[in-house]
Structure formats: C-alpha cells, structure tokens
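Notes to accompany the following structure.
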Amino acid sequence: MTSRRTRWLNRWHARRAARAKPATGFTSKPEPRTIGSFAKGKQMVAGNFLFAGHLVQSPADSIWAITPPSDDFEAALQGFGWMDDLAALGDRDAKARAQFWTMDWIDRFGRGTGPGWVPDVAGRRLIRWINHAFLILNGQDSDASLRFHRSLGQQAIFLSKRWQGTSPGLPRFEALTGLIYAGLSLSGMEHLTEPATQALARECDRQIDAAGGIPTRNPEELLEVFTLLNWAALALRESEITPKPAHQSAIERIAPTLRALRHADGGLARFHGGGRGAEGRLDQALATSGVRGGPTDGPAMGFARLSAGRTSIIVDADKPPLGPASWNAHASTLALEVTSGRRPLIVNCGSGRQFGEDWGKAGRATPSHSVLGLTGVSSSRLGEMEATPYGPRARMVEVPNEVEARRIGDADMIGLVSGHDGYQPRFGLAYIRRLELAVDGRTIAGEETLAAVSESEQATFGRALEREGEKGVPFNIRFHLHPDVDATIDLGGTAVSMALKSGEIWVFRYDGAAKLSLEPSVYLEKNRLKPRASKQVVLSGAAIDYATRIRWSLAKAQDTPIGVRDLVRDEVDELPD
C-alpha cells in the first residue's frame, strides 16, 4: 500500500529529476527481448485499447487522451508495455503512433507530473523505450531525439533515487532492471550501473528462496521476475560485465521451479492471482536462461506436480501467503489442475480482479477452485478491503495452521497424500486428499476425507452438528472444467463424460454418500472483456460422522487420433531447453 509520504516523495523526486539536463545519447543498446502481439498492435492502430480487462475505443489521436477506467489500466498505459505490440506490427501506422505517443507523453508528463512517476512503472517504461529506440527515433529530427534522450536520463535519475520506495518483489525487480538498462545504455548514466547491479543481487537473496520461489507463490509473477533477471543478466554480459553471483544463482534456482509449475500443454498453473503466462514467454525465458535440466524434485514453491504419459496434475500443497505477499493470495490449499496433452481439463476459475472488486473476491474463495470446501466457508479467510495503488484489495488474514503433503507410489502409480486443518477451529474437521495417477497417465483416482480424530476435534464437530442440525455439515467437492471441455452427465446421474477438442474423452465417476451434478462455472482470464462461461462437476454431501469419505476416478475412455504434427510437437517438448 502506497502511503501519502511515499507518493509525496515520488512527486518531489520526479520534478527534481525533470529539471536536470543529463548528457544525452546512447552508448549501447540491449537487444530487444520482449514479445509483442501483432493482433494487439492492429487493435491499437484501429483505436481499440484493451488493458487490464477493459476495452476503450478512442477516436482521439493520442493514447493519453483516454480516461483510464481503472488503476491497472492506467499503470498498463504508463508502463508502455503496449510498445511491444506496436513493434510486433511494425508497419508505418504502428511506427507513427509509437513516435507520436512517446513524444506526447514527454510533452504531457515529462516535467515530473502525472501517474507514471512510480518506480516500477518507470522501470517498465525505460526498458521499452530503450528496447524500441530505433522504432521511436527512426526518421525523427534532432530536436525530437534530444527530448527523447533527455527524458530517458531524467527518468533514470528518478529511478536511482526512488527504486527503494517501491514494494519488494516484482515491482522492485522492474525498477532495478530499468535502472540497469539505463546505466548500460545512456551516456552520462554509467555510474548507475554498479549500484543497481548490487541492489538487484541483494533483492535476489531476499526475495528468491533456496528452492527458487517467491513469497507471493504466484507462478506467473515468478515467470515475470525470472524474465527480468534474464534481461538484466544478458544486458550486463553484452556490456562485458559479469552478473553478481546472487543474481546468477537466482536464475539457476528459478528455472527448475518454473518447469515444475508448467503443465503438459506448456502453460503455467493458475494459482494465487497468476495466469497461464503470455504465449511463448515461458519457453523463451527458459531458453534464454541457459539453465538445463528438468523440473525440481519435491515441492516447487509449495506446489506438487504429478506427471505420467500425456497427463499432468499440479496441486497447491502449502498455505497461502500472509502479510504483504497476500494481496492476491487465494484460498486454494489442496486445489488441483489437470491437463491432458495440450488440452487443459480441470482448472481453477482464476483471478477475477480485472473484472472488478466482486469478481476479484469471488475468484479468491475456495469454491472457485477444484477442491473440497465446506458450504459457504473458505479454507483461508480474507480481511477487509483496503485501498492499494492497484485498487481495493484484501490481505489474507487467516490460513490453515498445518498443511502436510507426501508423495506415494509403486510400480503402477505415482501419487500424493495431502491434508490441512483449515476447518478444524470451527468444525473440528481435518481435510485429507489422496491422488493417484497411473503410470500410463490414463487414470486418476482420488479420495476425499473429512475426519474428526481427537476428542477435542470430535467435541468441536459435535457443536457444529448442533448448529447445522440433522442434515450434517454440508460440503461440495468441485472440479471446474476448462471452457473448451464439452461435458455431459449420463442419464443415471452417476458419471460425467468430458470431451476435449483434441478428440479425447474422459469419464468421471464417484463412490460414496454424495450427489453428482453438472453446474455452471466461469473461467477468468486476463485480456478478456468478461468471464468465459464453463461448467463444473460438483459432488455434494454432508459430514454426519467422525469420518466421511468420497472416492472418485477420472479415466480416459478414448484416445486422441494423434497426427504427425502432434508427434513432432511432443518430441520437441521433450528436448532440453
């Protein structure tokens, strides 16, 4: 959360930096490494601006004439990430807009005013301006070149004074990477490079743990941090400067963790506010890092991965983060995602923050995840909404005290037994989930258990039964399906058939005192205007005894007709990065 003092310091240093007249010109330029979208570039040229889940259609000449509908939209504008899309388009119209919008930003905000003078946003903007300097300056006169270089220098001075004022984690990595780019590229800014590289190394030690994870436990955010560290390391090496040992070590720790968080289709697991990752970003980052090898053994940032045949399962096997890292944390403990080949099957709903406060809160609750939940209760609890630089959000204030996960396996299967005590304080019930994946990847078996074991837990459960009445403590086991899955329930109501677009058919069955239903769900994605409709398989029941157990299975009933293209693609996926 940005304090009033922090905002005042940002404005003061921004205006002071804007009065400076730094030396202008490039000493060198890092190679552009950002990936843009040709289609998004076409949309912007046509006057359609889609950022942070909002579409604004503006006939105005300048992108800065737009009134941002949200704080996230405004940050996306000011960070210039859209410059990658114009560069991907690369035609005359894209070039004209890149040049005009950049110069117009200097005219409107270059004197140290406006919302873009925030360290992480400024770092993001510096990287894009330096990466795409040729696009911005090609054909421009000397006056435009002078203004552009001077503004770069002024923003670098601002960053050198204020990078510590941004939040630890991704925002600070953005600020420091931008500062390194400026120090390596701009004449007169060379003195900024060494302090920035030292600061980046310190942040790597503080924010990247020994297993290659970050405090937020957000897989997509880990990818963004990894990408920035790669860019900084490559830019340093191109200038014949060796990255600090802590910097390089962080890259080497993160790479196997990201491989463990990647599904069979190449996308990241969607937990704690993260999405699948921009198309191609993960593959490019892993290849750029030069770190070879497979996924990490054991837990990866608190997640467990099971993989066999063409099937991958990723389970959130740890507590949600607390404290400052919990702004986007989800109550997803023991939730799973399943992917078959290149088709997601079972998913979590995802982060709904870009669709507004209500969707954001709903996406974080346990019912939005593929896991057992007591009706009307989440396994972790959010606090009250608070104002942040990115709009109203809530921190996680209560999580399970204990989460345990152990791998199991034999000649026929690999599996995971996990549990948490998030429901014990109020209901006296521990939740245990057992998952088994056949070694050929064709069958998944699950067992869900609610149990009150000790005398005190049984007494708490007894009081819960008194509150709930004879019906018992109601629960739902949810399996949210990807929107591309065509699901139908059989006439007897005992099984669900799930058809993937690839031609595969999976069949879900269950055993135990529960009711099977197929209900509406949503799939929440970034860069979409509204949630996508989907379905969820729900097993509904009630705990009336000290132990309640539901078993289920998911079996492949029909194989995909695999063509040469799919075989070649799969072989490529097996090659080392």
Testing the 3.5 Å rule here: is there a donor-acceptor pair between the side chains of [X] and [Y]?
X	Y	answer
Arg270	Asn348	no
Ser151	Gln155	yes
Arg253	Ser249	yes
Gln78	Glu74	no
Ser62	Asp104	yes

Notebook entry, point to check: Do any pairs count as a ring pair (Phe, Tyr, Trp, His ring centres under 6.0 Å) and have a residue in residues 256-292, sequence neighbours left out, and if so which ones?
Noted result: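 Only Phe271-Phe303 qualify under ring pair (Phe, Tyr, Trp, His ring centres under 6.0 Å).
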Hey, are the side chains of [X] and [Y] touching, using non-hydrogen atoms and a 4.5 Å cut-off?
X	Y	result
Ile241	Thr197	no
Phe26	Ser187	no
Asp484	Leu500	no
Leu236	Thr242	no
Arg343	Asp265	no
Ile130	Leu184	no
Lys40	Trp82	no
Tyr523	His480	no

Next item on the list: Check the pair Asn131 / Arg33 against side-chain contact (heavy atoms from CB on, under 4.5 Å), numbers first and verdict last.
Entry: CA-CA 8 Å; Asn131 273 348; Arg33 307 189 191 280; 5.6 Å; no
Which atom names give the shortest non-hydrogen contact between [X] and [Y], and what distance separates them?
X	Y	value
Ala300	Ala260	CB-CB, 3.6 Å
Leu258	Leu223	CD2-N, 4.0 Å
Pro171	Thr166	CB-OG1, 3.4 Å
Tyr181	Ser185	O-OG, 2.8 Å
Leu137	Gln99	C-NE2, 4.2 Å
Ala233	Ile251	CB-CD1, 4.0 Å

Hey, is the main chain of [Y] close enough, under 3.5 Å, to the side chain of [X] for a donor-acceptor pair?
X	Y	answer
Arg172	Gln164	yes
Ser326	Ala329	no
Asp120	Glu174	no
Arg217	Met301	yes
Arg259	Gly293	yes
Gln140	Ile136	yes
Arg125	Gly116	yes
Thr193	Gly183	yes

Note to self: Just to verify, which of Phe109, Phe51, Trp64 counts as forming a ring-ring contact (aromatic ring centres under 6.0 Å, His included) with Phe80?
What the structure shows: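 Passing option: Trp64.
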With rounding to the nearest 0.5 angstrom, report the [atom1] to [atom2] distance, [X] to [Y].
X	Y	atom1	atom2	value
Ser312	Leu345	OG	CG	10.0 Å
His330	His369	NE2	NE2	5.5 Å
Glu525	Cys349	CD	SG	11.5 Å
Ile314	Leu306	CD1	CG	9.5 Å
Arg395	Asn328	CZ	CG	12.0 Å
Thr34	Arg281	OG1	CZ	8.0 Å

Notebook entry, point to check: Could Arg124 and Glu224 be called an ion pair, given the rule that one side-chain N must be under 4.0 Å from one carboxylate O?
Noted result: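 The answer is no: the pair does not qualify as a salt bridge.
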Check: Is any side-chain N of the basic residue among Arg276 and Glu337 closer than 4.0 Å to the acidic one's carboxylate O?
Finding: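 No salt bridge links Arg276 with Glu337.
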Next item on the list: Walk me through it: do Leu50 and His54 pass the test side-chain contact (heavy atoms from CB on, under 4.5 Å)?
Entry: CA-CA 6 Å; Leu50 177 59; His54 297 274; 5.8 Å; no
Quick test of your reading: applying salt bridge (charged side-chain N to carboxylate O under 4.0 Å, His left out), list the pairs with at least one residue in [range], sequence neighbours left out, ordered by first then second residue.
range	answer
residues 176-187	none
residues 78-95	Asp84-Arg128
residues 46-68	none

Notebook entry, point to check: Would Ile180 and Trp231 satisfy side-chain contact (heavy atoms from CB on, under 4.5 Å), going step by step from the backbone distance to the final call?
Noted result: CA-CA 10 Å; Ile180 288 172; Trp231 289 350; over 6 Å; no
Margin query: Holding to side chain to side chain contact (heavy atoms under 4.5 Å, CB included), I want the full list of residues that pass it with Arg206, two or more places apart in sequence or in another chain.
Written below: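 Side chain to side chain contact (heavy atoms under 4.5 Å, CB included) check on Arg206 returns Arg202, Glu203.
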Margin query: Please confirm whether the ring centroid of Phe134 lies under 6.0 Å from the ring centroid of Trp129.
Written below: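 Not under 6.0 Å, so no.
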Margin query: How about CD on Glu252, more than 12 heavy atoms from neighbouring residues, nucleotides or ligands closer than 6.0 Å, or not?
Written below: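 Yes - once you tally the heavy atoms of other residues, nucleotides and ligands closer than 6.0 Å, there are more than 12.
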Notebook entry, point to check: So among Asp283, Thr339, Thr257, which one has a side chain to side chain donor-acceptor pair (under 3.5 Å) with Arg262?
Noted result: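 It is Asp283, the one option of Asp283, Thr339, Thr257 that forms the side chain to side chain donor-acceptor pair (under 3.5 Å) with Arg262.
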Next item on the list: With side-chain contact (heavy atoms from CB on, under 4.5 Å) as the test, would you mind laying out the steps for Leu228 and Leu170 before giving the verdict?
Entry: CA-CA 9 Å; Leu228 290 166; Leu170 178 59; 3.7 Å; yes
Notebook entry, point to check: Can Trp117 and Trp12 be said to form a ring pair (Phe, Tyr, Trp, His ring centres under 6.0 Å), step by step?
Noted result: CA-CA 10 Å; Trp117 291 89; Trp12 188 83; over 10 Å; no
Next item on the list: Quick one: list whatever passes side chain to side chain donor-acceptor pair (under 3.5 Å) with Gln354, sequence neighbours left out.
Entry: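 For Gln354, no residue satisfies side chain to side chain donor-acceptor pair (under 3.5 Å) once neighbours in sequence are set aside.
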